[in-house]
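Step one of this worksheet: look at the structure below.
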Amino acid sequence: MTERVLLVDDEEEFLEIMSERMTGRGMAVTTATSADQALKILEKETFDAIVMDFQMPEMDGMDALKSIKTKNPELQIILLTGYATVEKTVEAMKI
């Protein structure tokens, strides 16, 4: 069975590169350029995992994480960031 992955990042070049690499490894990849767009996609589709940027305009990864986990507590989410802090990491892990 093919793994279904949702990639969420406001940098379209990153989405293209990661999507190409994951697709090349046999994964079915859907992309979103914002957390809001990702939440709308999640209303209609299911995924095995989400790879999501932590820093995005409008709604950040932490707010999106809270919303997603409220509706899908078992969904695996990987948060990516270049701006990690211990506090935010602990908060995300608790969610």
Side-chain angles (χ1 to χ4, degrees):
M1 184 174 191
T2 302
E3 292 93 4
R4 293 183 37 86
V5 178
L6 176 61
L7 292 176
V8 187
D9 198 300
D10 58 316
E11 294 182 33
E12 291 187 38
E13 185 176 337
F14 174 80
L15 288 178
E16 289 175 24
I17 292 167
M18 289 301 293
S19 179
E20 187 176 296
R21 288 182 177 214
M22 294 175 118
T23 301
R25 289 176 172 78
M27 298 176 197
V29 180
T30 300
T31 62
T33 56
S34 69
D36 187 53
Q37 184 183 19
L39 293 174
K40 289 176 183 171
I41 290 169
L42 286 166
E43 290 175 6
K44 301 173 188 169
E45 300 180 49
T46 60
F47 296 90
D48 298 302
I50 298 174
V51 178
M52 181 168 48
D53 188 13
F54 194 80
Q55 288 290 139
M56 290 183 285
E58 299 171 26
M59 181 187 298
D60 69 11
M62 188 67 75
D63 290 334
L65 175 66
K66 290 174 186 175
S67 180
I68 293 166
K69 283 297 194 174
T70 298
K71 296 174 185 173
N72 302 301
E74 300 300 317
L75 186 57
Q76 300 297 309
I77 301 173
I78 299 168
L79 289 174
L80 305 174
T81 186
Y83 307 98
T85 65
V86 172
E87 294 81 16
K88 291 289 184 184
T89 302
V90 170
E91 183 181 354
M93 289 175 65
K94 287 180 180 179
I95 295 170

inquiry  = Run the side-chain contact (heavy atoms from CB on, under 4.5 Å) test on M52 and I68 for me, step by step, so that the C-alpha distance in whole Å, both residues' side-chain angles and the decisive distance to 0.1 Å come before the verdict.
reply    = CA-CA 11 Å; M52 181 168 48; I68 293 166; 4.2 Å; yes
key: Check against side-chain contact (heavy atoms from CB on, under 4.5 Å), V8 and D53   = CA-CA 6 Å; V8 187; D53 188 13; over 6 Å; no
request  = List the steps and the verdict of side-chain contact (heavy atoms from CB on, under 4.5 Å) for F47 and V5.
outcome  = CA-CA 6 Å; F47 296 90; V5 178; 5.6 Å; no
message = Please evaluate residues M22 and L7 with respect to the criterion side-chain contact (heavy atoms from CB on, under 4.5 Å), reporting the C-alpha separation (whole Å), side-chain torsions for both, the decisive distance (0.1 Å), and the verdict.
response = CA-CA 10 Å; M22 294 175 118; L7 292 176; 3.6 Å; yes
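Remark: side-chain polar atoms of D9 are paired, donor with acceptor, to backbone N or O of E11 under 3.5 angstrom. Side-chain atoms of D48 come within 3.5 Å of backbone N or O of R4 as a donor-acceptor pair. Within the 3.5 Å criterion, the main-chain N or O of L75 finds a donor-acceptor partner in the side chain of K69. When atom types are taken as modelled, the side chain of T70 and the backbone of K66 share a donor-acceptor pair closer than 3.5 angstrom. Formation of a donor-acceptor pair under 3.5 Å by the Q37 side chain with backbone atoms of T33 is found in this model.
Under the 4.5 Å side-chain heavy-atom criterion for grouping Ile, Leu, Val, Met, Phe, Trp and Tyr, I17 is not connected to I50 through any hydrophobic cluster.
Side-chain contact between S67 and L39 is present, with heavy atoms from C-beta onward closer than 4.5 Å. Residues V51 and L6 form no side-chain contact, since every pair of their non-hydrogen atoms from C-beta on lies 4.5 Å or further apart.
Enclosure of atom CD in E13 is not indicated, since only 12 or fewer non-hydrogen atoms of other residues, nucleotides or ligands lie within 6.0 angstrom.
The pair E3-R25 does not meet the salt-bridge criterion, since no charged nitrogen lies less than 4.0 angstrom from a carboxylate oxygen.
Rounded to the nearest 0.5 Å, atoms CD (E16) and CD (E12) are 7.0 Å apart. Here the CZ-CG distance, from F54 to L65, works out to 8.0 Å after rounding to the nearest 0.5 Å. The line from OG1 of T23 to CE of M18 is 10.5 Å long, rounded to the nearest 0.5 Å.
When every heavy atom of L15 is checked against every heavy atom of A32, the shortest pair comes out as CD1-O, 3.5 Å.
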